[in-house]
Each structure stands twice: as structure tokens, then as C-alpha cells.
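Below you'll find the structure, written out as C-alpha cells, and then a few comments.
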2 protein chains.
Amino acid sequence: MEKKNPDTYFLSENNLPFEDFFHFGLSVDCIIFGYHQGSLRVLLIQRGAEPFKDSWAIPGDLVNPSEDLTSSASRVLKQLTGLTDIPVQQFHTFGSIDRHPVGRVITVGYYALVRSENHHPIASTWASNVKWFDVYDLPSLAFDHEEILTKAVETLRTKVRKEPVGFDLLPPKFTLLELQGMYEALLRERFDKPNFRKKILGADVLVPLDEVQKNVSHRPAKLFHFDKNRYESQKKQLFNF
Amino acid sequence: MEKKNPDTYFLSENNLPFEDFFHFGLSVDCIIFGYHQGSLRVLLIQRGAEPFKDSWAIPGDLVNPSEDLTSSASRVLKQLTGLTDIPVQQFHTFGSIDRHPVGRVITVGYYALVRSENHHPIASTWASNVKWFDVYDLPSLAFDHEEILTKAVETLRTKVRKEPVGFDLLPPKFTLLELQGMYEALLRERFDKPNFRKKILGADVLVPLDEVQKNVSHRPAKLFHFDKNRYESQKKQLFNF
DNA sequence: TCAAAAGTGTTCCGAATACACCCATGC
DNA sequence: GCATGGGTGTATTCGGAACACTTTTGA
């Protein structure tokens, strides 16, 4: 982008010269949520570089001056973990003065929900390791990443009660009890099975498949599929858990 | 803040030198909502400086490198409009590449709700004018401020349905119909009077006062006061409009 | 007396809750 | 058979929506 001469503009009452206002660093952090074996997971990297070398951290990096915030989040996620085609969602910006030891770095937080069995992250560039962690059983994290993660979980909880985003955590075909388990893990709340079924089926966004579970030592459950189109055409408030 | 030597850090795979990542501008924008005569208002300034000189805009300015984001929002608001002691709330960050003609400026959006009759804004520094506008009847705005305002209104609507923030728009003493009118203006929705009363009184957060309206040509309404302590001690979901 | 808004009560309906109970499969 | 989870039905409660009605004031 071509810059006009900034000195012709009167941008602030502050006595500092204009150029001093352009010394912020900007980064993005990507909180990737997954669901596996009944627990809510988050994808973390181990830092292979200072500062906080060897600490676990939320995948994130500095934004390139020529890229958009959202594209930057996707790019950074790909570079560090190899994950692609994951739509991310902004949730909060963190800008405490001392949050980064290198300088004044503001970070914009993004989150996403993925089917963890479809995505096989590989650590690259300065990430020395990538791993899924149980959200409720975390190591200590670099920078202010604990605060960031807490805020992300909070946002996710609010979101999932109003919109059918939870399906992104499950395989395309799932049983109703798997769905219920996912919601229970996410919201840390127990639901009544018959009532959960009624509510979710009453929402009319699930398509029953002609398929059942295999190799289970009990009555096999019917498989369902989430129909996004059906949801879009209704647009009611469906998920009031 | 003292900076360590950045060159000792390996912060990004990108080939650009480290210093190139510290050329972002950072600003804050403050969307101040008020309520007056049945309509939802927003406080705008007229720009007395380039770019977008003379355009109406959301009060905002560049962040000083040594200040916190939230403090910056309060400081900027005070400098441009004279308003003080207004707690602001972050809602979204806007960072399109071309959103600012001078360079790459990221802006963090804050909003607040005020009793407009208590606050008398005065334009200062580079704001040549300040004025309340009906949210649904706006002039065209500078930069991407229309987008920012839309997002702020959206956030406010979501918020007001879950938490009793709306009271910040009203005088300390109000009638139930005034309260209802405020919610109706904010949510652009009509409510049934008897049902509204029942719901709001049932929430048990209003204190009836021994006082009634004066000089009205009809039966004077009882005045109420919002009791924050009572709300805090309950912490239920109260406002499901 | 009338207009205008304040304020109350009652009915209806649908959604959420709390259960009790039956069904299919592997071992 | 029996353990295990899958799946259904029902009775009750609660909150919201609709609406008819009475009350109090100023003019």
C-alpha cells in the first residue's frame, strides 16, 4: 500500500512525532478447538524460539504488514501446524503494555472448531511440537496465553448455545448420544437424554441416515447428519441449552 | 517499556527484517450510545483534520505507545468530547489493509452506554463538532466507521438481552413504560405492556420508590430504581427478550 | 365527562423437566 | 440371561403471549 506523507496530517494532540505512533507490533493467535473421546481439546505448539522457548503456547505470530487480519490468522496457523481450510473467527484483542517482552505487541485472538480426527497437525518453522490438550488440564502457557484461552472458551460457550457450531467438532455422521456428550463436555453440564433428543430432533436440522453403529456390544445407535441448509432456511433460535 | 534487542529473536519465518513488523498504527474508536426521547442515539464528532476533514466520524485516535488499550479509549474520548468516567467495553477489532489512507492502522472498537442528559460533550482538539445522532438516521461516515457502528449496534443488542446494561441509558429514576420504551428503541421490537411489567418486576432487580411522575395529564406512573446489588446477588439470566 | 396512560388478572399454549419404561445387541 | 447403552412416552411445571379489564389523573 502506498502511504501518503503522514506529516501533512494532524492526527493527534499528543506531542510525539507522528512516526512514533507507527511502532506497534501486531500478531494473531489461533485457538483451535477439537473434541476427542469425550473431552474438549485445544491445539498448542511448543515454542522453538525465544522468548518463552520450550513453553507451550497458542499458535500465533506477527502479522505481515501487507496482509489482512483474517488471512494472517490462516497463514500463521498453516505455517506453524500445517492446518489449512479452517475458517477462523475473531473474538478479542489483547494489548496490555507488558504482554510481550520484545516490544509493544497487540494480538488479535481468533478461534476455530475442527474435527480433530480429520486434521493432523505437524509442527513446522519455529514450532518444535504440536499437541492436543484437554482444555481443563493444561500446562502453563507462554505470554498471557492463559488469559487468551480463558476468553476463547468463554466465547465458545456463549456461541454454542445460540448457533449450531458444535457440529464442526464431530464427524459428519454421529449418534445422538455422541452429540449430547459433545455438548456436555463443552458446556460442562449434564443433560437428560430423552429431553435432549426431543429438543435436538425438534429443531429439525438433523437428517436420520439409514445407517447404524457397528461393533458395539449393545443396541447400535442410529447415525445422523447435520443439515446446514435446513438450518439456514429456518434461522430460528434453536439451541437454548 | 524497555525493549530487548529484537534481533536475537526468531519471530517469524517471513523474510522481512524484524523491524518491518513494528510499523503498524494502532487506534481506538469509541461508540457512545445514548437514549433520548424514544430513540437510540450515538455520539459522533465532525473531523477538523485530514483525512476525511469535515466528515462525521466515531470519536477515536491513535494509541500512545505507552498506554493501555482501555485507558487509551478513555483518554481519546475525553480529549475529543470532554466525556469522562465512562466505562468502555471492547467489542471488535478492524484491520483491513486499506481502511486508513495514511498507513496500516488497526483499530480496536469500544462502546459505552451513557445517560445523555448527564453528559454534555464539547468538541475539542481536532474535533470541530460533536453531536448526538439517531442510530437509524445517520450521515455518511469517515473511514470504515459505518461498518464499525453496525457491529457495535449488533453487539449492544446481544448484550442487552442478557445483562441489565440498558439501565445505563436511563435516569436513575424511571417509570416502567420509560424502561419499556428504551428496550423497544434498542431492540426495534414492540412488547406487551402487562407482560413486560410482569417480567421485569419478576426479575426482582427494581426498587419501587415512594414517588410518582409530576405534571402529566394522566394517572402518574410510579418511579423505580435499578438495584445493582440485588442483581449481582442473583446472577440469574434475567433478560430474555 | 372524557382522554390518556397506569396498572391488574386470567386464560391459553408450548417448551422444559423429570421421570418410568421398553428395545436391541454382544458376551 | 444380563449388562449396556439406545430409544420412547407421559405427566407436570413453568414461562411467555394474548388480551380484557379496572384505576387514576388532568383538562
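In what follows, chains are A, B, ... by sequence order, proteins preceding strands, each numbered from 1.
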Any donor and acceptor pair, going by atom type alone, linking the side chain of B:Arg41 with main-chain N or O of B:His36 inside 3.5 Å? yes
Roughly, in whole Å, what's the span from NZ in B:Lys214 to P in D:dG26? 11 Å
Strand-adjacent residues in residues 189-198 of chain A, judged by heavy atoms under 4.0 Å from DNA chain D: A:Lys193, A:Pro194, A:Arg197, A:Lys198
Pairwise side-chain contact, A:Arg230 with A:Asp204, heavy-atom cut-off 4.5 Å (strictly under): yes
How are the rings of B:Phe143 and B:His145 set to each other: parallel, tilted or perpendicular (split at 30° and 60°)? tilted
Interface residues of residues 170-177 of chain B with DNA chain C (non-hydrogen, below 4.0 angstrom): B:Leu177
What does the list of N/O pairs under 3.5 Å between the protein and nucleotides 21-23 of chain D look like, with a distance for each?
residue : atom : partner  : partner atom : Å
D:dT23  : O2   : B:Arg219 : NH1          : 2.8

Would one find more than 12 heavy atoms of other residues, nucleotides or ligands at under 6.0 Å from atom CG of B:Asp85? no
Do A:Pro139 and A:Phe133 have side-chain heavy atoms sitting under 4.5 Å apart? yes
Do the side chain of B:Arg99 and the main chain of B:Val105 share a donor and acceptor less than 3.5 angstrom apart? yes
Counting the benzene-type ring for Trp, do B:Phe167 and B:Phe174 have ring centres under 6.0 Å apart? yes
Rounded distance in Å - CG (A:Leu201) to P (D:dG7): 10 Å
Whole-Å gap separating C1' (C:dA6) and CD (B:Glu211): 17 Å
Between B:Asn129 and B:Trp56, a side-chain donor and acceptor under 3.5 Å: no
Of the candidates D:dG7, D:dT25, C:dT25, the side chain of A:Lys222 sits closest to D:dG7
From D:dT25, D:dG7, C:dA6, pick the nucleotide closest to the side chain of B:Ala221? C:dA6
Rounded to whole Å, CD1 of A:Ile200 lies from C1' of C:dA16 at a distance of 14 Å
So, A:Thr155 and A:Arg157: side-chain donor and acceptor under 3.5 Å apart, yes or no? no
Measure from NE2 on B:His218 to C1' on C:dA5 and round the result to the nearest Å. 5 Å
Find the distance B:Leu223:CG to D:dT25:P and express it as a whole number of Å. 14 Å
Could A:Arg188 and A:Tyr136 be counted as a cation-pi pair, given that NZ or CZ must be under 6.0 Å from the ring centre and within 45° of the axis? yes
Side-chain donor or acceptor of B:Gln46 paired with backbone N/O of B:Asp54 under 3.5 Å: yes
